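This one's a predicted model, so the numbers in the text were calculated from it and none came from an experiment. In what follows, every heavy atom counts, from backbone to side chain, and hydrogens, waters and symmetry copies are set aside.
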Amino acid sequence: MTFIASYIHITDPTLIFFVVLMIVLFAPIIMSKLRIPHIIGMVLAGVLIGEYGFDLLARDESFELFGRVGLLYIMFLAGLEMDMESVKKNSRQFIIFGLLTCFVPLVLTYVMSITILGYSGKASFLLGCIMASNTLIAYPIVGRYGLQSNSSVMLSVGSSMISLFMSLIMLAGLSATFADNLDWTFWVLFALKLALFIVGSVLIIPRLTRYFLRRYSDAVMQYIFVMAVMFLSAALSDAVGLEGIFGAFFSGLILNRYIPHISPLMNRIEFIGNAIFIPYFLIGVGMLIDLSTLKAGPQMWWIVLLIAFFGTFGKALAAYLSSLLFRLSKADGHMMFGLTSAHAAGAIAMVMVGMRLEVEPGVMLVDNQMLNGVVIMILVTCIVSTIVTQKAAQDISMRTIISPSNQKDARSEKTLICVKYPEIAPQLLYLALLMRNQKAKSELVALNVVYDDEHSMTAREDGLRLLEKLQQQASASEVPLQTQVRLATNIANGIKHAFREFACSEVVMGMHVHTNVTQKFWGEFIQSLYNGLNRQIILTRFEQPLSTLRLIQVVVPSRAEFEPGFHRWLERLCRFAEQLDCRILFHGREESLKPIREFINHEHPSVRGEYKFMAHWNELPTLAAGIEKDHLFVVVTARKGTISYKNALDRLPDELTKYFAGTNLMIIFPDQYGDQKEDSMSFTEAQHHEENSVYDVLLRWIHSKSPLS
């Protein structure tokens with residue numbers, strides 16, 4: 001090793017960064033051919049290039065800095081991607097698994113350390129704390145399979161935080177026993193600092209985040225703000241007396257609802273972390289591992305074997321026992337064991353704390369044998385964790401099959417987004433992204449229709465520039481987006497022709513935020529569009545960013561459950577609420593609310609649905625008093641002649657203008673004929689349809705000067 005290092009020992013920062021990038025590039029390629037998780041490749045590469053391997057690179061400040069950031073990133077992403085509603089619903093399971101995965105390996109390791117290795121009580125307790133905690137080193141595997149919302153994954157992440165928190169508390173207590181002035185004031189002060197940190201974070205961070213996201217939409221500024229929150233939380237957690245990883249995870253939990261999983265901001269956070277910081281952390285962990293210590297003799301092998309076995313066995317026992325208690329599948333048990341069995345920098349940090357504690361002058365609590373045993377144990381548990389997690393992720397993915405009804409809806413799902421105004425178009429695309437079927441990879445189409453007149457060339461260039469920006473926004477979320485600028489003498493006809501050419505299933509349109517429900521609100525083309533397309537049309541007006549919405553209030557007409565388009569609009573609203581992690585309140589008759597409740601409980605159990613009885617549509621104006629700035633008011637309409645139509649709907653334009661001006665608004669025109677191909681009806685049929693439309697009075701009242709965006 002030293003022979004190679006005498007010829008090749010890289011100290012230049014540029015070459016060090018180049019070597020790291022080559023490892024990040026080729027480790028997945030090589031490991032995939034060997035059918036080994038690439039995370040192991042990162043760790044093994046660190047072993048080879050490190051000081052205890054070929055000594056090609058020095059573990060300089062860049063590994064300390066980027067490795068620390070990578071560890072914080074892993075915990076932060078774990079917090080961001082947790083389904084908080086499932087956590088609330090399954091809090092008992094989280095607590096049970098968290099306590100088991102903490103205390104089962106702690107007790108087993110403690111007893112083994114005292115009885116077999118002959119360590120002191122304090123050294124054994126430290127070793128037990130190390131094995132009680134774990135690092136989610138295999139969590140990136142979960143992300144690649146899209147299983148972040150899986151119940152076993154969320155249980156593992158939540159329990160990891162509980163076990164880590166308990167381990168850090170016990171480690172703080174162990175360290176305090178070496179202080180000369182230890183008394184009850186230490187624990188009181190520690191509890192006060194911890195409570196202040198948690199309460200202050202919960203109260204300040206959400207308010208600060210809403211304020212920032214409402215006023216600044218620049219992608220770089222939003223990313224820097226999120227990173228600043230994460231690092232500040234980690235630093236404050238260190239100041240309290242806990243490791244910074246607790247603060248990073250806690251800040252991720254708080255920011256969870258403000259950063260939807262499919263948003264461009266989330267994509268940037270994951271991309272930068274997985275490309276740079278997390279690989280740096282994994283390689284840095286490998287550089288700490290000294291395999292040469294295994295040459296010390298059977299005693300060293302014996303220590304490594306015992307530490308790795310009892311710690312891993314304790315985690316396995318806790319995982320599989322919990323899966324039996326919660327009636328989960330064998331694959332879920334494997335996933336829980338795989339994610340909670342790895343130890344990394346957290347274990348290194350704890351053992352380093354032990355090396356600073358003096359049992360007596362000149363004698364440290366942790367000797368070199370324990371240090372080497374813990375470091376080798378890290379390599380063993382990382383390998384076991386990644387292999388088990390990879391296999392479990394494959395098994396769970398294979399059993400996750402979309403229901404036939406969802407498959408049918410996904411095949412026919414393609415949203416047409418009609419855009420005109422640059423200040424509104426990004427929100428319309430974002431809305432379509434949030435309502436999109438993520439598993440089926442449904443497509444989106446952005447359309448800009450311009451009048452074919454003397455200004456058409458200028459308008460067409462403006463439309464192309466607008467669609468280019470939307471294309472960039474969609475690419476940031478890794479969503480395919482088709483675009484088209486269409487010249488037409490009639491805007492509505494242009495939309496209808498594009499709708500049929502792209503075989504779309506629904507339309508999303510918007511209005512300017514300063515536009516009320518007047519002639520300009522609807523536009524003169526609505527009558528022609530509404531008569532020519534019998535598919536779902538969604539009209540929107542947003543006064544603030546979608547990620548800052550806290551409540552969606554939906555008004556449902558009675559007997560809406562019998563309409564053909566009932567499940568389509570309900571599915572879209574559920575996806576929308578699920579992505580934003582906000583509550584959704586339905587107003588309507590009990591006979592309409594019952595199927596809505598059943599659908600949500602069966603298809604979207606994580607949605608926080610609430611239901612309020614509304615006796616009559618005349619109560620619509622009274623709801624205005626309960627609409628706040630961060631609420632979205634949704635009106636589901638009905639067509640004249642259909643079973644859910646009522647005369648009170650004719651007053652809808654006047655009521656929206658009078659009572660709901662300046663609010664976030666969405667109006668849904670549901671499918672009239674479901675899956676039937678009624679879009680190409682004849683002119684005579686269109687005239688007959690116009691006479692029987694629910695908006696017969698409304699459409700005759702509307703004569704707009706300009707089309708909707």
Side-chain angles (χ1 to χ4, degrees), residues 68-88 91 94 136 148 154 157-158 160-162 164-165 168 190-270 272-273 277 430 544-551 577-583 606 608 628-631:
R68 175 69 171 173
V69 174
L71 178 58
L72 297 179
Y73 235 102
I74 289 177
M75 300 306 298
F76 181 66
L77 284 175
L80 277 183
E81 294 174 342
M82 286 195 70
D83 186 342
M84 298 305 298
E85 185 60 24
S86 296
V87 171
K88 295 175 184 177
S91 57
F94 277 85
L136 295 169
Q148 296 94 328
M154 289 188 293
V157 174
S160 296
M161 199 63 249
I162 293 175
L164 175 64
F165 178 73
L168 294 176
F190 176 78
L192 288 176
K193 290 190 295 183
L194 179 60
L196 182 63
F197 167 70
I198 293 177
V199 173
S201 299
V202 171
L203 293 178
I204 296 175
I205 293 178
R207 289 174 170 80
L208 189 61
T209 302
R210 285 196 296 267
Y211 174 86
F212 189 89
L213 294 181
R214 285 173 183 169
R215 286 160 178 78
Y216 303 100
S217 58
D218 181 75
V220 176
M221 293 180 66
Q222 288 186 349
Y223 176 79
I224 297 300
F225 171 79
V226 170
M227 291 295 99
V229 171
M230 180 189 76
F231 285 112
L232 178 60
S233 297
L236 292 177
S237 179
D238 273 324
V240 167
L242 298 174
E243 284 292 319
I245 47 181
F246 175 81
F249 179 81
F250 192 65
S251 64
L253 292 180
I254 296 175
L255 292 174
N256 183 290
R257 69 172 308 274
Y258 301 103
I259 308 176
H261 297 170
I262 53 91
S263 65
L265 178 57
M266 186 67 175
N267 185 270
R268 295 184 189 99
I269 294 172
E270 290 182 330
I272 296 175
F277 296 121
Y430 194 21
Q544 64 183 52
L546 301 183
S547 58
T548 60
L549 296 176
R550 291 191 303 113
L551 176 64
E578 204 168 37
Q579 290 293 337
L580 294 181
D581 191 25
C582 63
R583 295 180 296 128
S606 62
R608 292 180 287 169
E628 301 180 9
K629 291 184 177 180
D630 52 4
H631 291 185

Closest heavy-atom pair and its distance - [X], [Y]:
{"X": "G79", "Y": "L253", "result": "O-CD2, 3.8 Å"}
{"X": "L136", "Y": "I74", "result": "O-CG2, 3.5 Å"}
{"X": "L546", "Y": "L580", "result": "O-CD1, 3.5 Å"}
{"X": "C582", "Y": "R550", "result": "CB-O, 3.4 Å"}

Whether T209 side chain and I205 backbone form a donor-acceptor pair below 3.5 Å: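 Answer holds: yes.
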
message: Using only atom types and a distance under 3.5 Å, with no angle test, would you say the side chain of R257 pairs donor to acceptor with the backbone of L549?
response: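 Yes; at least one donor-acceptor contact below 3.5 Å.
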
message: side chain to side chain contact (heavy atoms under 4.5 Å, CB included), that's the test. Do D630 and T548 meet it? Break it down for me.
response: CA-CA 7 Å; D630 52 4; T548 60; 5.6 Å; no

Side chain to side chain donor-acceptor pair (under 3.5 Å) pairs, two or more places apart, involving residues 220-238: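 Side chain to side chain donor-acceptor pair (under 3.5 Å) check on residues 220-238 returns R68-D238, Y73-Y223.
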
message: Atom CD1 of residue position I272 - does it have more than 12 heavy atoms of other residues, nucleotides or ligands inside 6.0 Å?
response: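 Buried by this count: over 12 neighbours within 6.0 Å.
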
Quick one: pull up [atom1] in [X] and [atom2] in [Y] and give me the separation to the nearest 0.5 Å.
{"X": "K629", "Y": "R214", "atom1": "NZ", "atom2": "CZ", "answer": "8.0 Å"}
{"X": "L213", "Y": "L265", "atom1": "CG", "atom2": "CG", "answer": "7.5 Å"}
{"X": "Y216", "Y": "I224", "atom1": "OH", "atom2": "CD1", "answer": "15.0 Å"}

message: By the definition side chain to side chain contact (heavy atoms under 4.5 Å, CB included), identify the one residue from F250, F197, F231 that meets it with L236.
response: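 So the option named by the test is F197.
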
task: Apply side chain to side chain contact (heavy atoms under 4.5 Å, CB included) to the pair V226 and Y258, showing each step before the final yes or no.
output: CA-CA 10 Å; V226 170; Y258 301 103; over 6 Å; no

message: For a 4.5 angstrom cut-off between non-hydrogen side-chain atoms, does P260 reach Y430?
response: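 The answer is yes; the side chains approach within 4.5 Å.
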
task: Give the ring-plane orientation class for F212 versus F225, where under 30° counts as parallel, over 60° as perpendicular and anything between as tilted.
output: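 If you compare the ring of F212 with that of F225, the planes turn out parallel.
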
